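Here the structure comes first, spelled out in structure tokens, and everything after it is commentary.
Predicted, not measured: the structure shown is a model, and the values here were computed from it. Throughout, protein chains are lettered first and strands after them, A, B, ... in sequence-line order, and every chain is numbered starting at 1.
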Amino acid sequence: MAFNPMDILAGLNPAQRQAVQTIQGPLLILAGPGSGKTRVITHRVAYLIKVCGINPHRIMAVTFTNKAANEMRERLERLLGQTSEALTLGTFHAICAGILRREGKVIGLDPRFVIYDEEDQLTLIKQSLLEVRLDPKHYTPRAIQSAIKAAKSRGLSPKEYAHQTHSYFDEVVHRVYEHYQQLLTRSQAVDFDDLLLKTVQLFAEHPEVLNRYQSRYLHILVDEFQDTNITQYILIKQLAGKYRNICVVGDPDQSIYSWRFADLRNILSFEKDYPDTKVVFLEQNYRSTKTVLEIASHIISANLKRKPKSLWTENETGVAVAIVETYSEDEEAQFVVGEIEKLASDGEASLRDCAVMYRVNAQSRALEEAFMRYGVPYKLVGGTRFYQRREIKDIIAYLRVLHNPSDNISLMRIINIPGRGIGQRTLAELSAWARSQNISLYHALKASEEKEPAFTPRTTYALNTFFNLMEELRNKSKELSLSELVDEVLESTGYQKYLLGQEDGEERWENVLELRAATEEYGGLSPEEALATFLEKVTLVSDVDELDEKAEAVTLITLHQAKGLEFPVVFIVGMEEGVLPHRKSFDDPEEIEEERRLCYVGVTRAQKQVYLLRAYRRSFLGGSSLNPPSRFLKDIPPHLVTIKGLWEEELFAPVAAPSPRRFTLLSLKIGEHVHHKIFGEGEVIDCSRMGDDQVVTVTFKEAGTKKLLLSLAPLKKVEKAPEFRS
DNA sequence: CGAAAGGCTCTTTTT
DNA sequence: GAGCCTTTCG
């Protein structure tokens with residue numbers, strides 16, 4: 001099929017075309033929600049390659065999540081009909097990690113450096129506090145962590161930080177920051193923010209390296225520009241220094257990451273630093289109904305520090321927004337599930353069309369319980385994130401040490417897990433000695449016999465045994481495939497036994513197996529490369545990245561994570577003062593404005609229908625509170641609203657209590673066959689305990705696989721095996 | 001050394 | 001209500 005370059009422009013509106021075709025010089029695209037932003041970026045890159053003949057090797061596109069990057073690559077390949085590997089495409093963090101692996105040597109960075117996440121960072125900060133003899137009770141590690149992150153987001157090294165600040169607390173932070181950086185260096189590690197900051201420093205100190213990159217990148221694109229921080233801004237300014245073909249895309253109304261030190265002033269700086277900037281507004285919305293767009297506009301218009309913007313759509317008017325008031329969060333969740341079941345059975349929306357959004361992760365709990373109780377499939381994004389789980393981090397720590405023995409934090413994590421008689425005292429002594437000898441902890445392990453005064457024979461033996469174990473694994477790591485290596489680690493360290501001996505060991509072990517499964521896709525690489533690639537990936541993935549859009553299930557997601565996604569039907573729960581807006585934002589008008597933007601982001605995810613829910617009473621931290629309705633609800637004009645008065649009509653109606661059915665509780669085993677009132681016949685494929693109840697996973701003949709709570713699901717045991725059994 | 005128990009503080013939001 | 005830290009005891 002002949003390729004017609006003009007296909008790239010087909011179907012774009014005039015503003016979108018302008019955004020695609022303006023390829024010379026700085027360009028700022030202000031894109032409202034649903035205005036086809038992703039489409040514009042993708043088409044712009046395609047246009048550069050196909051029409052302008054630019055080598056993909058010379059284009060960089062920065063996205064906010066890995067997911068966005070993957071999607072863009074897919075779309076691009078479809079559009080171009082060819083692969084696009086040469087294109088630099090990824091998050092700031094991933095792109096910088098790549099640059100540092102290649103070029104970091106000149107600033108003394110080992111190419112095998114490990115990336116510490118925020119948990120590792122906090123551990124290291126605690127250690128720093130102790131080592132500079134400050135009391136962690138007086139200066140909370142969290143506060144210090146936040147101050148260091150703030151400094152790094154503004155591009156400040158410890159020295160620069162000291163110059164810029166004067167309070168006593170700043171002096172404390174400065175001391176810890178400086179020491180913390182030393183500890184990182186000693187571990188051949190960088191933290192998240194260092195990925196950006198070190199790249200900036202590298203470019204600043206080594207113009208010859210910067211020059212290579214400047215000359216390479218003829219075109220640079222940055223998505224979600226409203227959520228970039230100052231360090232990221234400096235970085236793109238460096239990179240675009242030569243050609244100045246820099247295109248940034250953003251929407252100030254969707255800026256929701258100022259707590260991560262994203263700085264809206266970047267948009268102002270951009271226009272100031274590049275006075276010849278052309279600005280394109282994308283204001284036609286293709287996503288939502290007129291009603292959805294109108295209530296969104298009313299909500300966001302109440303922000304005072306904002307440039308007004310007029311969004312419009314040719315879509316149909318659609319239905320009114322539903323405001324639902326329930327008594328408790330459990331009822332709120334129950335309403336959501338009931339409504340989704342209704343939509344699904346009426347054929348108005350499938351499960352994957354629906355998303356439930358909330359302000360804080362803790363809110364997902366009541367929802368999950370309700371979804372489980374009614375056997376409606378859901379996918380939870382975030383929460384306790386997979387790669388943050390203790391057992392997962394343990395295994396990764398083993399792999400990290402095998403890859404790079406200098407990684408002290410990981411070594412300290414696993415040195416006594418499973419327990420092998422190396423306690424806190426020994427560890428403290430060993431690491432003090434390592435520091436005095438100026439060697440890594442791993443090296444100290446090897447040389448522990450030379451230490452004066454010596455460890456007890458028993459301790460020495462334990463240290464030696466552990467060291468030999470790790471050495472053996474390290475040798476094997478050079479030959480075994482990644483999954484074989486994981487198996488070997490699990491086996492030879494006794495980790496499996498250790499886990500299964502614990503209370504919730506079964507479940508944790510499942511997670512470990514899931515991790516092991518994830519290592520299988522690295523078969524094509526050499527053992528060393530596979531390990532390196534895997535370790536980098538696991539620290540830089542986010543939860544949205546893993547969201548499976550095709551699965552027939554309802555999405556449960558925080559408002560922050562929902563940015564960039566869209567769903568036909570959106571439920572926002574917890575529309576209450578204290579939740580949205582969150583009470584932490586009460587005393588700062590700017591934070592309230594950000595809460596409002598967050599609400600705006602949520603509403604504008606919807607294509608057809610929005611439900612805003614609030615509960616009269618919400619439990620938190622064991623207690624409960626009565627929250628007034630969110631102030632944002634007052635900004636919605638009444639004629640666009642239907643109130644669902646579960647409040648008046650159903651509140652006092654008897655709700656079927658779960659307990660009475662308990663005594664008829666039957667117990668099911670894997671392999672048994674059941675009959676469900678709605679879903680029909682199925683086979684039990686898994687069961688686990690939840691409190692004094694049982695959760696069973698059943699594969700139904702017609703309805704697919706569902707998780708059900710035994711006490712509530714209308715299930716009957718079937719003695720005779722159904723005929724579909726395979 | 002390590003298990004167990006008791007006491008404390010938080011919880012926004014995440015690449 | 002959990003997760004983290006400290007203390008206590010075997």
Side-chain angles (χ1 to χ4, degrees), chain A residues 62-69 90-97 115-119 121-123 126 136-137 140-143 146 149 152-153 191-196 223-224 227-229 231-232 255-262 357-365 381-385 387-390 416-428 455-456 458-459 462 501-504 536-545 557-564 574 578-586 588 591-592 594-595 597-599 601-602 619-624:
Chain A
V62 189
T63 57
F64 191 71
T65 60
N66 296 296
K67 178 168 184 281
T91 62
F92 272 111
H93 291 85
I95 291 174
C96 287
I115 304 167
Y116 281 168
D117 66 19
E118 299 211 352
E119 192 191 330
Q121 182 180 41
L122 197 64
T123 312
K126 284 177 195 159
K137 287 211 182 86
T140 68
R142 285 228 169 265
S146 167
K149 288 181 65 62
K152 290 189 171 186
S153 311
D191 62 26
F192 269 138
D193 305 307
D194 276 347
L195 289 172
L196 310 170
D223 194 11
E224 306 286 6
D227 287 322
T228 53
N229 66 33
T231 304
Q232 289 165 336
S255 148
I256 53 175
Y257 282 92
S258 71
W259 51 272
R260 218 168 70 184
F261 309 105
M357 302 177 186
Y358 36 85
R359 176 66 239 261
V360 297
N361 278 309
Q363 288 173 265
S364 69
R365 202 167 159 148
V381 184
T384 21
R385 296 140 76 194
Y387 289 104
Q388 305 274 67
R389 285 165 212 249
R390 202 177 62 223
N416 202 33
I417 290 188
R420 40 178 81 92
I422 307 173
Q424 284 211 315
R425 256 195 110 116
T426 308
L427 188 55
F455 288 112
T456 64
R458 198 168 132 189
T459 304
Q502 303 203 337
E503 197 169 343
D504 44 1
E536 178 151 323
K537 201 196 140 189
V538 296
T539 26
L540 296 182
V541 282
S542 71
D543 293 302
V544 238
D545 296 343
I557 194 169
T558 65
L559 288 161
H560 282 91
Q561 294 185 112
K563 191 181 67 164
V579 180
L580 185 66
H582 195 275
R583 50 173 52 77
K584 282 240 167 186
S585 66
F586 280 172
D588 182 348
E591 285 183 41
I592 291 282
E594 181 147 320
E595 297 288 309
R597 291 194 291 270
L598 200 48
C599 183
V601 166
S619 55
F620 78 111
L621 290 154
S624 70

If you check the [X] side chain, which of [options] turns out closest?
{"X": "A:Lys126", "options": "C:dG1, C:dC4, B:dT15", "result": "C:dC4"}
{"X": "A:Lys584", "options": "B:dT15, B:dT14, B:dT11", "result": "B:dT11"}
{"X": "A:Arg425", "options": "B:dT13, B:dC1, B:dT15", "result": "B:dC1"}

Please state how far atom [atom1] in [X] lies from atom [atom2] in [N], giving the value in whole angstrom units.
{"X": "A:Gln388", "N": "C:dC4", "atom1": "CD", "atom2": "P", "value": "11 Å"}
{"X": "A:Arg583", "N": "B:dC10", "atom1": "CZ", "atom2": "P", "value": "16 Å"}
{"X": "A:Leu122", "N": "B:dC10", "atom1": "CG", "atom2": "C1'", "value": "13 Å"}
{"X": "A:Asp588", "N": "B:dT13", "atom1": "CG", "atom2": "P", "value": "18 Å"}
{"X": "A:Ile256", "N": "B:dT14", "atom1": "CD1", "atom2": "P", "value": "9 Å"}
{"X": "A:Lys67", "N": "B:dT15", "atom1": "NZ", "atom2": "C1'", "value": "15 Å"}
{"X": "A:Gln424", "N": "C:dT6", "atom1": "CD", "atom2": "C1'", "value": "10 Å"}
{"X": "A:Ile592", "N": "B:dT13", "atom1": "CD1", "atom2": "P", "value": "17 Å"}

Run the side chain to side chain contact (heavy atoms under 4.5 Å, CB included) test on A:Lys152 and A:Asp191 for me, step by step, so that the C-alpha distance in whole Å, both residues' side-chain angles and the decisive distance to 0.1 Å come before the verdict. CA-CA 10 Å; A:Lys152 290 189 171 186; A:Asp191 62 26; 2.6 Å; yes
Side-chain N or O of [X] less than 4.0 angstrom from OP1 or OP2 on [N]?
{"X": "A:Asn416", "N": "B:dG2", "value": "yes"}
{"X": "A:Asn361", "N": "B:dT13", "value": "yes"}
{"X": "A:Arg142", "N": "B:dT11", "value": "yes"}
{"X": "A:Lys149", "N": "B:dT14", "value": "no"}
{"X": "A:Gln561", "N": "B:dT13", "value": "no"}

Mind checking the C1' distance from C:dT6 to B:dT11? Whole angstroms is fine.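 Those two atoms are separated by 22 Å.
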In terms of the nearest nucleotide of DNA chain B, which residue is placed more toward the 5' end: A:Thr63 or A:Glu595?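 That would be A:Glu595.
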Whichever of A:Arg458 and A:His560 has its nearest DNA chain B nucleotide further upstream toward 5':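 Of the two residues, A:Arg458 wins.
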Can A:His93 and A:Gln232 be said to form a side chain to side chain contact (heavy atoms under 4.5 Å, CB included), step by step? CA-CA 10 Å; A:His93 291 85; A:Gln232 289 165 336; 4.3 Å; yes
Look at all strands and tell whether [X] reaches a base, only sugar-phosphate, or nothing, counting heavy atoms closer than 4.0 Å.
{"X": "A:Lys563", "value": "nothing"}
{"X": "A:Glu118", "value": "base"}
{"X": "A:Phe92", "value": "nothing"}
{"X": "A:Ser585", "value": "nothing"}

Give the intermediate values and the outcome of side chain to side chain contact (heavy atoms under 4.5 Å, CB included) for residues A:Leu559 and A:Tyr358. CA-CA 6 Å; A:Leu559 288 161; A:Tyr358 36 85; over 6 Å; no
Gap between atom [atom2] of [Y] and atom [atom1] of [X] - 0.5 Å precision:
{"X": "A:Ile592", "Y": "A:Leu598", "atom1": "CD1", "atom2": "CG", "result": "11.5 Å"}
{"X": "A:Phe92", "Y": "A:Thr228", "atom1": "CZ", "atom2": "OG1", "result": "6.0 Å"}
{"X": "A:Thr123", "Y": "A:Tyr116", "atom1": "OG1", "atom2": "OH", "result": "9.0 Å"}

Distance-only, no hydrogens or angles: does the A:Asp117 side chain make a donor-acceptor pair with backbone N or O of A:Thr539 under 3.5 Å?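 No; zero donor-acceptor contacts below 3.5 Å.
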Tell me if a side-chain donor or acceptor on A:Asn229 pairs with a main-chain N or O of A:Arg260 at a distance below 3.5 Å.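 Not a single qualifying donor-acceptor pair exists.
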Ring centroids of A:Trp259 and B:dT13 base under 5.5 Å with planes under 30°: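 Yes; centroid distance and tilt both under limits.
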Do the ring planes of A:Trp259 and A:His560 sit parallel (below 30°), tilted (30 to 60°) or perpendicular (above 60°)?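 Taking A:His560 first and then A:Trp259, their aromatic rings stand perpendicular (interplane angle over 60°).
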Name the stems with DNA chain B in them: runs of three or more consecutive Watson-Crick or G-U pairs, distances under 3.5 Å?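 As far as DNA chain B goes, consecutive pairing (with distances under 3.5 Å) yields the stems B:1-10 with C:1-10.
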